[in-house]
Enquirer: 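Structure provided below as structure tokens; questions to follow.
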Amino acid sequence: MRKVLLTLAVLAGLGLAGAAAVVGFGLYNVSAQVGHLPGVSWVLHTTFRNSVRLRAPAPDEVPPLDDPDLIALGAGHYATACVDCHGALGQPRSATVRAMVPVPPPIDEAVAHWRPNELHWIVENGVKMSGMPAWPVQDRGDEVWAVVAYLVSVQEGASPEIPSPDLAGLDYCQSCHGRIGGPVPRLDILSEAYIGTQLDAYLTGLRPSGIMAQAASRVPQARFDELARAFVTQSGPAGAGAGPDLGDIASTEERETGAELARLGTRDVPACLACHGGEPAREAAKGPRLFGQSRAYLAAQLELWRDGVYSHDDLMAAAARDLSDADIAAVSAFFAAADP
Ligand code: HEC
Ligand code: HEC
Ligand code: HEC
């Protein structure tokens with residue numbers, strides 16, 4: 001028995017010395033031109049596959065993914081965050097990307113063999129030592145679903161065209177804000193100062209959003225003020241988002257409950273209108289205008305405030321802390337129903 005243990009110890013020591021030599025003397029060739037040793041690619045990919053399967057969210061956590069607005073938002077993010085590596089359907093990718101090890105699979109291959117919950121895990125977490133990046137901010141699994149919705153539409157052969165806007169112009173912002181409703185807010189109803197502050201907050205991560213961090217990092221910061229002004233001075237359809245989704249508005253009763261909360265508040269929740277403006281047409285006093293945003297957007301933002309994902313404004317964080325799910329549904333319905 002002692003002999004066996006001694007032999008094992010010597011072997012372990014030799015193994016460690018060998019590994020130290022490989023690391024210390026640079027014996028392992030890291031050249032991507034040489035590729036992996038035989039078997040290594042298989043080991044890495046099998047580890048990747050099983051690791052995703054183990055950690056992906058449960059299938060019943062997958063929200064409905066067939067909303068055209070959600071798919072369009074995912075396609076809009078894909079257009080600048082993913083397309084360089086995975087390409088657009090049927091489009092060639094650069095020779096340089098194709099020289100990556102491992103090479104990023106083209107979009108149709110990348111989505112094959114994965115379920116929506118697994119795609120969510122991959123896009124949120126990325127893949128270590130492969131070039132596949134993680135979502136740029138933490139705790140925004142909610143917005144990753146937009147990208148998953150787009151990837152599933154590719155799987156089903158029903159994906160929309162990926163936009164290819166000119167990044168230098170307002171066009172780029174409008175490819176989402178001027179075209180998509182639901183989860184994308186309107187900007188034409190906001191003030192110039194508020195838009196500018198939000199862009200800075202997205203860029204620095206103070207207001208965590210992977211989608212807007214990406215968008216804000218694609219334009220020079222020196223242009224933020226000019227962009228903010230452009231949204232405010234634009235009128236008509238070019239400046240507007242898709243507007244309130246009236247089809248999604250709740251019952252009159254729910255809206256009235258929301259109106260009461262917004263006007264009067266409760267023991268635990270302050271009146272929203274104290275800060276967010278009383279008359280639809282009046283500029284909000286301390287917070288941004290909410291009348292006219294979509295119900296989906298308002299509800300999603302309120303959950304982020306309530307759950308502590310957002311903490312960049314103490315007053316708003318305190319206002320949302322005690323909201324119930326029913327409060328959020330009702331107050332979002334109230335603000336969404338009134339067109340500014
Ligand atoms: C810098 C290049 C790069 C970018 C940008 C990138 N990926 Fe990837 N992606 C990769 C690489 C490389 C892999 C392969 C990982 C592996 O096989 O180990 C991969 C793998 C994947 C996979 C799993 C495919 C499979 O079975 O191997 C999916 C799905 C995916 N990426 C989606 C996306 C999405 C969506 C985005 C944008 C949010 C994105 N990727 C951005 C490089 C990239
Ligand atoms: C890929 C789609 C997309 C693009 C492109 C995009 N946005 Fe956004 N934008 C969003 C989404 C989604 C949100 C909500 C993010 C969140 O959860 O905070 C948002 C939020 C905002 C907000 C905050 C609005 C509010 O009510 O608080 C501002 C301001 C904004 N975007 C400005 C811009 C500007 C300026 C550009 C162009 C440089 C731009 N966006 C490009 C999707 C996009
Ligand atoms: C004490 C003032 C105050 C009160 C009360 C208040 N808010 Fe806010 N709210 C703000 C401020 C300030 C912001 C902007 C924070 C930032 O992003 O800089 C904000 C942001 C928001 C946003 C995000 C808007 C957007 O366009 O992204 C929503 C939604 C919101 N508030 C809803 C509510 C609701 C609903 C209530 C009532 C339950 C409420 N607020 C009460 C000050 C307040």
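Residues: numbered from 1 along the sequence shown. Just so you know, ligand 1 is whichever comes first in the structure, and atom 1 is the first atom listed for that ligand.
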Enquirer: Taking the non-hydrogen atoms of A271, is any one of them nearer than 4.0 angstrom to ligand 3?
Expert: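 A heavy atom of A271 does come that close to ligand 3.
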Enquirer: Under 4.0 Å from a heavy atom of L190: give me the atoms of ligand 2 that qualify, with their elements.
Expert: 24 (C), 25 (C), 26 (O)
Enquirer: Check ligand 3 against L298 and write out every atom of the ligand that is under 4.0 Å from a heavy-atom position of the residue.
Expert: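 The list of qualifying atoms is 29 (C).
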Enquirer: So for ligand 1, is H86 a polar contact partner (N or O within less than 3.5 Å, distance only)?
Expert: yes
Enquirer: With atoms numbered from 1 as shown, which atoms in ligand 3 lie under 4.0 angstrom from a non-hydrogen atom of H312?
Expert: 16 (C), 17 (O), 18 (O)
Enquirer: At what distance is the nearest protein heavy atom to atom 35 (C) of ligand 3, and which residue and atom is it?
Expert: C272 SG, 3.4 Å
Enquirer: Are any N, O or S atoms from C275 nearer to atom 8 (Fe) of ligand 3 than 2.8 Å?
Expert: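 Not a single backbone or side-chain N, O or S atom of C275 is under 2.8 Å from atom 8 (Fe) of ligand 3.
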Enquirer: Only heavy atoms of Q198, strictly under 4.0 Å: list the atoms of ligand 3 that pass.
Expert: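 Near Q198, the atoms of ligand 3 are 16 (C), 17 (O), 18 (O).
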Enquirer: How far is atom 7 (N) of ligand 2 from the closest protein heavy atom, and which atom is that?
Expert: H177 NE2, 2.8 Å
Enquirer: Verify the distance criterion only: is there a donor paired with an acceptor across the side chains of D327 and S324 at less than 3.5 Å?
Expert: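 Note: D327 and S324 side chains meet the donor-acceptor criterion.
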Enquirer: How far is atom 21 (C) of ligand 3 from its nearest protein heavy atom, and which residue and atom is that?
Expert: H276 CE1, 3.5 Å
Enquirer: With atoms numbered from 1 as shown, which atoms in ligand 2 lie under 4.0 angstrom from a non-hydrogen atom of H77?
Expert: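 The atoms of ligand 2 under 4.0 Å from a heavy atom of H77 are 1 (C).
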Enquirer: Considering only heavy atoms, which of V111, V83, L119 lies nearest to atom 29 (C) of ligand 1?
Expert: L119
Enquirer: Which one of P102, A79, G74 has a non-hydrogen atom at the shortest distance from atom 16 (C) of ligand 1?
Expert: P102
Enquirer: Using a 4.0 Å cutoff against the non-hydrogen atoms of L315, which atoms of ligand 3 qualify?
Expert: 1 (C)
Enquirer: Which residue from M316, K286, R289 reaches closest to atom 12 (C) of ligand 3 through any of its heavy atoms?
Expert: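 Comparing heavy atoms across M316, K286, R289, the nearest one to atom 12 (C) of ligand 3 lies in K286.
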Enquirer: Examine the proximity of ligand 2 to L199 and report which part, side chain or backbone, both or neither, has a heavy atom under 4.0 Å away.
Expert: side chain
Enquirer: With atoms numbered from 1 as shown, which atoms in ligand 2 lie under 4.0 angstrom from a non-hydrogen atom of F231?
Expert: 35 (C)
Enquirer: For Y310, which part has a heavy atom under 4.0 Å from ligand 3: side chain, backbone, both, or neither?
Expert: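 Answer for Y310: neither.
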Enquirer: Any nitrogen or oxygen of W114 lying under 3.5 Å from a nitrogen or oxygen in ligand 1? Just yes or no.
Expert: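 W114 vs ligand 1: N/O contact under 3.5 Å present.
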Enquirer: Quick test of your reading of the structure: of P185, A230, G196, whose heavy atom lies closest to atom 13 (C) of ligand 2?
Expert: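 Minimum heavy-atom distance to atom 13 (C) of ligand 2 goes to P185.
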